[in-house]
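Accompanying notes for the structure given below.
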Amino acid sequence: MLNTQIKTVLDASRTRGWVSEPDAKGLLAASGLTVPRFTLVTDSSGIPSAAQSIGFPLAAKVLSSRILHKSDHGGVKTGIATLEELVAVFERFGRLNGFEGMLVEEMVSGLELIIGAKIDDQFGPVVMLGMGGTGVEIYQDISFRMAPVNSDDVSSMITSLKGGRLLSGYRGGVKVNRNELTRTLVCFSEFVIAAAEMIESIDLNPVMCSEERCVVADARIMLPSQ
């Protein structure tokens, strides 16, 4: 069933070159990963019900087939506290190139991690774990393992990170639920194997991990060029 769902979504995304965030999160949720509560708004009349169903504070992201890196285009807004502010964000997003709608999500908190995968020509599906957020490209504190990964692999990946101590609540910081992080990585690696022949790479950044859960706050699935 999941393989059929993956193929259907990926086939429909070929012309775009990547899977839209709502579709990507739908696939990940079906695979057992935790995603924020979200809804897609394509018309301003749907904003009040979206806000009511999720509750403030909210995050909003632009949906556009022409915008892959939303932050680079001002297509992300977090900490939205009022309906008036949410409407204003929708109007601003509406002026961005290729606007298709606005993703409205619950705000999530925790330690920012990155989980990803790429299909290596020699080794096949490879899974990545690292310290996430906007500084991931600067610090490059990441660890790789061949898929599928198990609990021992996850433990080894965490140990190999320079910032791995942060997951234990270093100096009063957020303590990450290791069992939930392990479950997330194992489920993710199973998804990667199922989709390996149809994808190029996946980036989940950030994955917000706390004492209770690990939530995929942003997801990008890239497809091979045709």
Side-chain angles (χ1 to χ4, degrees), residues 21 24-25 27-29 31-38 54 57-61 68-72 75-81 103 105-118 120 123 125-193 201-222:
E21 188 172 349
K25 285 181 172 174
L27 289 178
L28 295 169
S31 302
L33 280 77
T34 303
V35 303
R37 289 178 293 124
F38 71 88
I54 299 174
L58 293 167
K61 303 174 186 178
L68 175 59
H69 302 286
K70 295 181 286 292
S71 296
D72 293 347
V76 178
K77 177 66 176 177
T78 59
I80 300 170
L103 195 64
E105 292 186 345
E106 68 170 312
M107 288 286 296
V108 292
S109 60
L111 182 67
E112 294 187 355
L113 300 177
I114 180 172
I115 294 174
K118 63 180 181 179
D120 186 89
F123 299 107
V126 178
V127 173
M128 172 189 69
L129 171 68
M131 307 309 296
T134 56
V136 62
E137 294 178 355
I138 298 174
Y139 300 115
Q140 295 188 344
D141 188 8
I142 52 181
S143 178
F144 294 93
R145 294 294 185 277
M146 293 174 58
V149 301
N150 57 34
S151 58
D152 290 337
D153 294 322
V154 176
S155 180
S156 176
M157 294 171 82
I158 293 172
T159 301
S160 67
L161 296 175
K162 297 183 181 69
R165 293 168 63 191
L166 294 173
L167 278 68
S168 298
Y170 182 72
R171 292 194 172 182
V174 176
K175 185 176 181 180
V176 171
N177 185 323
R178 297 289 187 97
N179 290 335
E180 185 61 19
L181 177 57
T182 299
R183 188 194 68 81
T184 298
L185 274 161
V186 170
C187 286
F188 176 70
S189 75
E190 292 172 352
F191 171 78
V192 172
I193 290 173
S201 64
I202 307 177
D203 283 318
L204 312 181
N205 184 33
V207 178
M208 308 295 286
C209 289
S210 66
E211 293 187 21
E212 292 81 29
R213 58 182 186 161
C214 289
V215 184
V216 179
D218 196 26
R220 183 181 303 135
I221 301 177
M222 300 301 299

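Worth knowing before you read on, the calculation uses all heavy atoms, side chains too, and leaves out hydrogens, waters and symmetry mates.
- Checking side-chain atoms of Thr159 against main-chain N and O of Ser155 turns up a donor-acceptor pair under 3.5 Å.
- Note that the NZ atom of Lys25 and the CD1 atom of Ile221 stand 11.5 Å from one another [nearest 0.5 Å].
- Contact annotation: the side chain of Met131 approaches that of Leu113 to within less than 4.5 Å [non-hydrogen atoms, C-beta and beyond].
- Checked by atom type and distance alone, the side chain of Ser210 pairs as donor or acceptor with a backbone atom of Glu212 at under 3.5 Å.
- By the neighbour-count criterion of 12 heavy atoms within 6.0 Å, atom NZ of Lys70 is densely surrounded, having more than that number from other residues, nucleotides or ligands.
- Expressed to the nearest 0.5 Å, how far CD of Glu112 lies from CE of Met208 amounts to 4.5 Å.
- Taken to the nearest 0.5 Å, the OG atom of Ser160 stands 8.0 Å off from the CG atom of Asp141.
- Taking 4.5 Å as the limit, every side-chain heavy atom of Asp218 sits out of range of all side-chain heavy atoms of Val76.
- You'll find the side chain of Thr34 stays beyond 4.5 Å of the side chain of Thr184, heavy atoms only.
- Nearest approach of Val215 to Val108, heavy atoms of both residues: CG1-CG1, 3.9 Å.
- No side-chain heavy atom of Ser31 sits less than 4.5 Å from a side-chain heavy atom of Cys187.
- Screening residues 163-177 for side-chain hydrogen bond (donor to acceptor under 3.5 Å, both in side chains) gives Ser168-Arg178 as the qualifying pairs, with residues at least two apart or on separate chains.
- For Glu180, the salt bridge (charged side-chain N to carboxylate O under 4.0 Å, His left out) partners two or more places apart in sequence, or in a different chain, are Arg183.
- Lys118 NZ to Phe123 CZ: the interatomic distance, rounded to the nearest 0.5 Å, is 9.5 Å.
- Heavy-atom minimum distance, Ser156 versus Arg145: OG-NH2, 2.5 Å.
- Separating the CD atom in Glu190 from the CG atom in Leu185 is a distance of 11.0 Å, to the nearest 0.5 Å.
- When side chains are defined from C-beta on, Val149 does not count as touching Leu129, because their heavy atoms never get closer than 4.5 Å.
- A heavy-atom distance below 4.5 Å is found between the side chains of Met128 and Ile114.
- Expressed to the nearest 0.5 Å, how far CG of Asp203 lies from CD1 of Ile115 amounts to 11.0 Å.
- The side-chain heavy atoms of Leu181 and Ile158, taken from C-beta on, include a pair separated by under 4.5 Å.
- The heavy-atom pair separating Asp153 from Pro148 by the smallest distance is OD2-O, 4.0 Å.
- Contact detail for Ala117 and Val192: the closest heavy-atom pair is CB-CG2, 3.6 Å.
- Nearest heavy atoms, Arg213 versus Glu106: NH2-OE1, 3.5 Å.
- Scanning all heavy atoms of the two residues, the minimum distance from Glu105 to Phe38 falls at CG-CB, 3.4 Å.
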List the steps, then state whether side chain to side chain contact (heavy atoms under 4.5 Å, CB included) holds for Leu204 with Leu28. CA-CA 10 Å; Leu204 312 181; Leu28 295 169; 3.6 Å; yes

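- In this structure, Ile202 and Phe191 have side chains that are in contact, with non-hydrogen atoms separated by less than 4.5 Å.
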